[in-house]
Amino acid sequence: MAHTFLKPTVINRSALKLLEREIVLPRLVWNYASAEFRGAYNDVVNLRLPAILESNEYAWRNNRASEIDVDDLTETLVPVTLDHDIYSAVAVTDEELTLDIVDFNEQVLMPQVKAVARGVEDLIASTMDGGTYASTLDLASGATAGDADSAWNVLVAARKALNNAEVPRDSRVLLVGSDIEAELLLDERFIRVDSIGDGATTALREATINRLGGFTIVGSNAIDPSVGYAFHPTAFAFANVAPMVPDGVVKGSRDSYAGLALRWIRDYEARKLRDRSVVSTFAGCTSVEDDGSTNVRAVKIQLDAGS
């Protein structure tokens, strides 16, 4: 099937605004991109969460009859498997390349890159959806400030659950679907802000609602509209590797986009008189279950629309 390209004489490209889902999830979770998967058994790498210790106290000016307590260091191993080959392949005919395509990068390559980025984001969202959580909270639609299941009280309850689990307080995120985002924006405590610092990407900056209660609150269309997750980045481990560029292709490169490692290759099918452009990445994602059965580094929030 032939492609349909918009020609410069037909439209004024400066007047168009491309509507697309912003890619934010890879920048919110524990992102691990490395060549250490080479030679790894079953394509699995074990990431290490550092051990957590508590201090002890030795009796002041005691007679030294007792010994000090010696603690054991116990690190948590998080296995991450590369088990997804996410790609976008496009064939471009000689006619299209000669007459229709004005800018190959803009009209062909960037849509492919964004398609693969969305595929990776869907993988992370699916991992979040399939996780088992130690704490789940209900948010009532239209609840007022005094209700226990109001937006603010649920945020406080999520913070308490993470504190009780001794989850690090830095870099916490409240990721919300579109329905919960609407509930938050109706509460005067949740006022949208357009800047979260110079280091933020445009996508993350635009998706950020506020920084409140120890959380950076981010809206996303990648997750269920009626679901939210309050979490530390280490609640989800994401691994991403750009495949090697094979010697047989005409052009190829490995690069990054929106925090992702991607490969692009381009060659020519002489028997069909067309170019092929392929963007791909290897990826894997897992929910971190510190206690062996549930994720204590994240709290799941569910919107009860019937309240």
Side-chain angles (χ1 to χ4, degrees), residues 18-38 40 42-47 78-90 105-106 108-131 171 173 175-178 199-208 216 218-225 227-229 231-245 252-266 277-288 295 297-298:
L18 193 61
L19 298 178
E20 61 178 281
R21 195 172 71 205
E22 299 290 1
I23 308 300
V24 298
L25 297 194
R27 293 192 178 272
L28 300 180
V29 300
W30 193 12
N31 195 322
Y32 181 81
S34 174
E36 291 182 16
F37 278 93
R38 279 196 171 190
N42 288 335
D43 303 321
V44 177
V45 165
N46 288 312
L47 307 184
V78 181
V80 181
T81 305
L82 278 183
D83 52 5
H84 293 267
D85 186 351
I86 301 172
Y87 73 93
S88 171
V90 172
N105 285 345
E106 179 183 335
V108 180
L109 186 55
M110 282 309 298
Q112 289 187 275
V113 168
K114 291 174 181 178
V116 173
R118 287 193 294 269
V120 169
E121 190 167 58
D122 287 339
L123 171 62
I124 298 173
S126 177
T127 300
M128 291 177 170
D129 181 63
S171 305
V173 174
L175 179 71
V176 294
S178 57
T201 63
T202 300
L204 185 55
R205 197 187 314 276
E206 289 298 320
T208 299
T216 297
V218 178
S220 172
N221 287 340
I223 64 174
D224 188 312
V227 169
Y229 304 94
F231 64 94
H232 186 265
T234 54
F236 307 99
F238 167 65
N240 176 223
V241 177
M244 295 296 294
V245 177
S253 64
R254 305 167 81 197
D255 211 334
S256 62
Y257 175 84
L260 307 177
L262 305 176
R263 178 190 69 180
W264 171 63
I265 57 176
R266 181 176 176 181
S277 175
V278 181
V279 175
S280 62
T281 188
F282 297 151
C285 191
T286 189
S287 174
V288 176
N295 191 324
R297 293 170 177 259

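Note that these values count all heavy atoms, side chains included, but never hydrogens, waters or copies made by symmetry. Note that the structure is predicted; figures quoted are calculated from it, not measured.
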S.K.: Indicate the atoms forming the closest heavy-atom contact of Ile223 with Gly177, along with that distance.
M.R.: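 So the two residues come closest at CD1-N, 3.4 Å.
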S.K.: In Å and rounded to the nearest 0.5 Å, what is the CH2 to NE2 distance from Trp30 to His232?
M.R.: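 With rounding to 0.5 Å, CH2 (Trp30) is 10.0 Å from NE2 (His232).
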S.K.: Going from OG on Ser253 to CZ on Arg266, what distance comes out if it is rounded to the nearest 0.5 angstrom?
M.R.: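 It is 11.5 Å, given to the nearest 0.5 Å.
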S.K.: Quick one: do Thr281 and Leu262 satisfy side-chain contact (heavy atoms from CB on, under 4.5 Å)? Show the steps, please.
M.R.: CA-CA 5 Å; Thr281 188; Leu262 305 176; 3.7 Å; yes
S.K.: Report yes or no: does Arg263 contribute a side-chain atom to a donor-acceptor pair with the main-chain N or O of Arg254 at less than 3.5 Å?
M.R.: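 The answer is no, because no donor-acceptor pair under 3.5 Å joins these two groups.
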S.K.: I need the minimum non-hydrogen distance between Val278 and Ala89, along with the two atoms involved.
M.R.: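 Looking at all heavy atoms of both residues, the closest pair is CG2-CB, 4.0 Å.
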S.K.: Please list, chain by chain and in numerical order, all residues satisfying side chain to side chain donor-acceptor pair (under 3.5 Å) with Thr127, sequence neighbours excluded.
M.R.: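 Testing Thr127 for side chain to side chain donor-acceptor pair (under 3.5 Å), a comparison that skips the adjacent residues, returns none.
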S.K.: What's the shortest heavy-atom distance between Trp264 and Ser277, and which atoms?
M.R.: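 Smallest heavy-atom distance, with atoms named: NE1-OG, 2.8 Å.
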S.K.: Roughly how far, to the nearest 0.5 Å, is CZ of Phe238 from CG of Leu260?
M.R.: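 If we round to the nearest 0.5 Å, Leu260:CG and Phe238:CZ are 5.5 Å apart.
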S.K.: Could you check whether any side-chain heavy atom of Met128 comes within less than 4.5 Å of a side-chain heavy atom of Val227, counting everything from C-beta outward?
M.R.: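 No - every pair of side-chain heavy atoms lies 4.5 Å or more apart.
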S.K.: Could you report the tightest heavy-atom contact between Asn31 and Pro26, atom names first, then the distance?
M.R.: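 In terms of heavy atoms, the two residues are closest at ND2-O, 3.2 Å.
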S.K.: side-chain contact (heavy atoms from CB on, under 4.5 Å) between Gln112 and Val108: does it pass, once the steps are laid out?
M.R.: CA-CA 7 Å; Gln112 289 187 275; Val108 180; 3.6 Å; yes
S.K.: Please step through side-chain contact (heavy atoms from CB on, under 4.5 Å) for the pair Thr286 and Val78, ending with a clear verdict.
M.R.: CA-CA 8 Å; Thr286 189; Val78 181; 3.9 Å; yes
S.K.: When rounded to the nearest 0.5 angstrom, what is the spacing between CD1 in Ile23 and OG in Ser220?
M.R.: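 Answer rounded to 0.5 Å: 8.5 Å.
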S.K.: Taking all atoms of both residues into account, what is the closest heavy-atom pair of Ser88 and Val116, and its distance?
M.R.: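 Reported closest heavy-atom pair: N-CG2, 3.7 Å.
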S.K.: Quick one: pull up CG in Asp83 and CZ in Phe282 and give me the separation to the nearest 0.5 Å.
M.R.: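 Atom-to-atom, Asp83:CG and Phe282:CZ are 11.5 Å apart.
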S.K.: What verdict does the side-chain contact (heavy atoms from CB on, under 4.5 Å) test give for Thr234 and Val288, after you've listed the backbone C-alpha separation in whole Å, the side-chain angles of each residue and the deciding distance to 0.1 Å?
M.R.: CA-CA 7 Å; Thr234 54; Val288 176; 5.7 Å; no
S.K.: For the pair Asn240 (side chain) and Ala261 (backbone), establish whether a donor and an acceptor sit closer than 3.5 Å, ignoring hydrogens and angles.
M.R.: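 Flag set: sc Asn240 to bb Ala261 pair under 3.5 Å.
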S.K.: List the atom of Phe231, the atom of Ala235, and the distance in Å for their closest heavy-atom pair.
M.R.: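 Nearest heavy atoms, Phe231 then Ala235: CB-CB, 3.9 Å.
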S.K.: Say whether, by atom type as modelled, one donor and one acceptor occur between the side chain of Glu121 and the main chain of Leu25 under 3.5 angstrom.
M.R.: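 Side chain of Glu121 to backbone of Leu25, a donor-acceptor pair under 3.5 Å: yes, one is there.
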